[in-house]
Amino acid sequence: MNDVSLLQKLRYQYKPKLPAIFQEDIRNITIEKGEPTESVGNQTELKQMFEKTYGRPVITFTRGKNPNISLKRNVGVVLSGGQAPGGHNVIAGLFDALTKSNSQSKLFGFLGGPSGILENKAIELTPQYIDTYRNTGGFDMIGSGRTKIETEEQFETSLHTLKERDIRSLVIIGGDDSNTNAALLAEYVLKKGEEMTIIGVPKTIDGDLRGEHVDVSFGFDSATKVYSELIGNIARDTNSAKKYWHFIKLMGRSASHICLECALKTHPNIAIISEEVEDTQKTLNQIVEDIVDVIVRRSENGENFGITLIPEGLIEFIPEVGKLITELNKLLAEHELHFNSLKTFEDQSEWVNKNLSRDSSYVFSSLPYPIQRQLLIDRDPHGNVQVSRIETEKLLLDLVSDRLGELKNEGKYRGKFSSQTHFLGYEGRSGFPTNFDADYAYSLGYNAFLLIAEGLTGYMTAIKNLVKPVEDWIPGGVPITMMMNLEERKGKLKPVIKKAMVDLKGKAFKTFVRHRNEWAVKTSYVYPGSTQYFGPAELCEVRPESLLLESKD
Ligand code: FBP
């Protein structure tokens, strides 16, 4: 029996495409520096916090000589946070560029995420080992984890590990928080007088790590294609049997990019965008009324079925629940020990209710018990509630079903309501990367090495022009401080990369708004089918819909 699937075997042979400048001999690539930069907010404070690395220029590549390119190097790499298709290719791209420049150079993979650095657990990545992971999904090549490296002591331990292994360059593949910590580590190392380079790579399926110089993070394309295929399949199923309303929650933590992208690809009857909920200050009741309205209108056409997409982070954007969650986060952070000593849910909820403001206590008590419990479970390492574990789809379904019952009693609704709930999240995070993500991630890794070879630190690898063919992509580097501002974390102001939320004035959202009323009532589903890897470019090289729309003139 084969222990590798046929697709995996064929994907091993895929050669990721590179931007034109990276097709040059690696000894003939150097950098061009732009103007000094400023952070997106809190410039004065950030300038003080990042004395050594603040304000560095944006980098692009050009033909030319870098005298240091062929130095023998030991480089470390770590995968941080949630899986995203393409992670293995970042490592493969980094490895190929590193060993092309000097075949004696070595790449070490820290195991199990940033804790691998703190505990000094790493393996040398050999060509044979890397080959068995090329163009595959998951992060199992070296594993990942959510440990944060953020305290002075952790920075010192990291520095110690790197020095002990004679690693002078570290590549951190992660989301906004991991890249923030990459910037902090880069600053720390410089302040200690060490010559080391720390480079970040933008990873997350959530799509919220983007900006002027980063079109999108790797993983978003592959994950949204998997979710859209599944939504399309569910839509076709319900359009066949015509008996269920499907409430589908989609991963994506805070921002609704995934939900918007899937809506643009599949044309559901309802797709909630958290950023709009926040902007219009919609209450939970209003959201329920909106859903009910569509269900009632469709039932008047004899269509007692439909698709509702719900972004994972919605709960935090509903004003009254958002306020409750902020209070809970603070309360649980400040009284962690006492709270953990309360053993039963009844004791915990009684204590919480006593300590919340009147409004929040009212909201908390009015939520169903399972949701109350989910709001009290362990926080993530940033002190935030773990939205993927809150069953918002079930909460909405319960409230919608109660309201439909009331309308039925009042004679205002004559339809039938049967439902199914789904949570699409983990199914999309470790699949084979699309050709786009395979090329993009590989190029990001290659790019990371070229930044290292220039001695740059505190930079994120950034590739622009992604809607164009790969040859026309513009690779480069952006100083991480440029993407930062100060935000409150566990009650304290901390430097963080500003999350990119769905732009309500952007073309992707506006396109959705132009069509959503029609999709609500008229069944207009689109069935994207599965991701294609082999065949015509119009099928295998499709860019994310939201990216294409945003890039239109
Ligand atoms: P990253 O921000 O680390 O890329 O993770 C994204 C994500 O997939 C979110 O969409 C989701 O809320 C979260 O990870 C789930 O975390 P976990 O894997 O710890 O359950």
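If you read the sequence from its start, that first residue is 1, and numbering goes on from there. Just so you know, ligand 1 is whichever comes first in the structure, and atom 1 is the first atom listed for that ligand.
Ring geometry for W245 versus F247: interplanar angle over 60°, hence perpendicular rather than tilted (30 to 60°). Between F139 and H88, the two ring planes are tilted [angle within 30° to 60°].
Atoms of ligand 1 found under 4.0 Å from any heavy atom of G81, numbered from 1 in the order shown, are 3 (O). For ligand 1, the atoms sitting less than 4.0 Å from at least one non-hydrogen atom of R253 are 2 (O), 5 (O), 10 (O), 12 (O), 13 (C), 14 (O), numbered in the order shown with element in parentheses. Shown in contact with Y426 at under 4.0 Å from a heavy atom are these atoms of ligand 1, numbered in order with element: 15 (C), 17 (P), 18 (O), 20 (O). Interface of G252 with ligand 1, defined as ligand atoms under 4.0 Å from a residue heavy atom, comprises 10 (O). With ligand atoms numbered from 1 in the order given, ligand 1 contributes 8 (O), 10 (O), 11 (C), 15 (C) to contacts under 4.0 Å with heavy atoms of M251. Close contacts of ligand 1 with K203, meaning ligand atoms under 4.0 Å from a residue heavy atom, involve 1 (P), 3 (O), 4 (O).
A cation-pi arrangement is not found for R389 relative to F423, the charged atom failing to lie both closer than 6.0 Å to the ring centre and inside a 45° cone about the ring normal. Judged by a 6.0 Å distance limit and a 45° cone about the ring axis, R429 is not positioned over the six-membered ring of Y426.
Residue-level proximity to ligand 1 for R146 is carried by the side chain, the only part with a heavy atom below 4.0 angstrom.
Residue pairs satisfying the ring pair (Phe, Tyr, Trp, His ring centres under 6.0 Å) criterion with at least one member in residues 309-333, sequence neighbours excluded, are absent.
Contact annotation: G82 has at least one heavy atom less than 4.0 Å from an atom of ligand 1.
Separation of the F22 and Y446 ring centroids falls under the 6.0 Å cut-off.
Contact check on D176 versus K498 returns no salt bridge, with no Lys/Arg side-chain nitrogen under 4.0 Å from an Asp/Glu carboxylate oxygen.
When the heavy atoms of T204, D208, D206 are ranked by distance to atom 9 (C) of ligand 1, first place goes to D206. Across R429, E312, Q386, Q83, heavy-atom proximity to atom 15 (C) of ligand 1 is greatest for R429.
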